[in-house]
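Worth saying up front: this structure is predicted, and the values here are computed from it rather than measured.
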Amino acid sequence: APPSNAPWCSITEVRASSPAAEAGLRLGDLVVAFGDAISLDQVKPFVLGHVGRPFAVWVERGNNRVKLEMTARTWAGEGLLGCRLLPLQ
């Protein structure tokens, strides 16, 4: 079942051919859960501990909560994800 908490960040960039793009993340998605992370400051430590292992990302897209599967890894671009997260005010 989808997490019941409110979204806490939005996706403001998804780079082509990145792990985020392969997972199906889209510009404007509102993140509800990023693996075990439920706040922006938890994302980096979670991702660093799960490189190469798939994890669930729940996003709010329109009126739906959608579950995506992401695997953080090195790729042609910067970082391990290829997306930018902006905290929701």
Next item on the list: Specify the closest pair of heavy atoms between A72 and L81, including all atoms of both residues, with the distance to one decimal.
Entry: CB-CD2, 3.8 Å
Note to self: So which atom in V14 and which in R26 form the shortest heavy-atom distance, rounded to 0.1 Å?
What the structure shows: CG2-C, 4.1 Å
Item checked: Exercise: identify the closest heavy-atom pair between S17 and W75 -> O-CE3, 3.9 Å
Next item on the list: Might you point out which heavy atoms bring S18 and G82 nearest each other, and give the distance in Å?
Entry: OG-O, 3.5 Å
Margin query: In the structure I gave you, are the side-chain heavy atoms of P45 and V47 within less than 4.5 Å of one another anywhere?
Written below: no
Check: Between D29 and L27, is any pair of side-chain heavy atoms under 4.5 Å apart?
Finding: no
Check: Just one of S4, C9, P2, P3 clears the side chain to side chain contact (heavy atoms under 4.5 Å, CB included) bar with V32, so which one?
Finding: P3
Note to self: Please check if the number of heavy atoms outside I38 that lie under 6.0 Å from its CD1 is greater than 12.
What the structure shows: no
Margin query: Contact between E69 and F55 at the side-chain level, heavy atoms closer than 4.5 Å - yes or no?
Written below: no
Next item on the list: Using a cut-off of 6.0 Å, state whether more than 12 heavy atoms not belonging to R65 lie near its atom CZ.
Entry: yes
Next item on the list: Measure the spacing between CG of L85 and CG of L30 and express it to the nearest 0.5 Å.
Entry: 11.5 Å
Next item on the list: For the residue pair V51 and L80, establish whether any side-chain heavy-atom pair is separated by less than 4.5 Å.
Entry: yes
Checklist line | CD1 on I11 to CZ on R84, rounded to 0.5 Å | finding: 11.0 Å
Checklist line | L88 vs S10, side-chain contact (heavy atoms from CB on, under 4.5 Å): CA-CA, chis, key distance, verdict | finding: CA-CA 7 Å; L88 294 173; S10 64; 4.1 Å; yes
Notebook entry, point to check: Of all heavy-atom pairs between W8 and A33, which one has the smallest distance, and what is that distance?
Noted result: NE1-N, 4.1 Å
Check: Any side-chain heavy atom of L25 sitting closer than 4.5 Å to one from M70?
Finding: yes
Check: Just wondering, do P7 and V31 contact through their side chains at under 4.5 Å, heavy atoms?
Finding: no
Next item on the list: Please step through side-chain contact (heavy atoms from CB on, under 4.5 Å) for the pair F34 and V43, ending with a clear verdict.
Entry: CA-CA 7 Å; F34 207 92; V43 170; 4.0 Å; yes
Checklist line | Salt-bridge present (E22, R73; N to O < 4.0 Å) | finding: yes
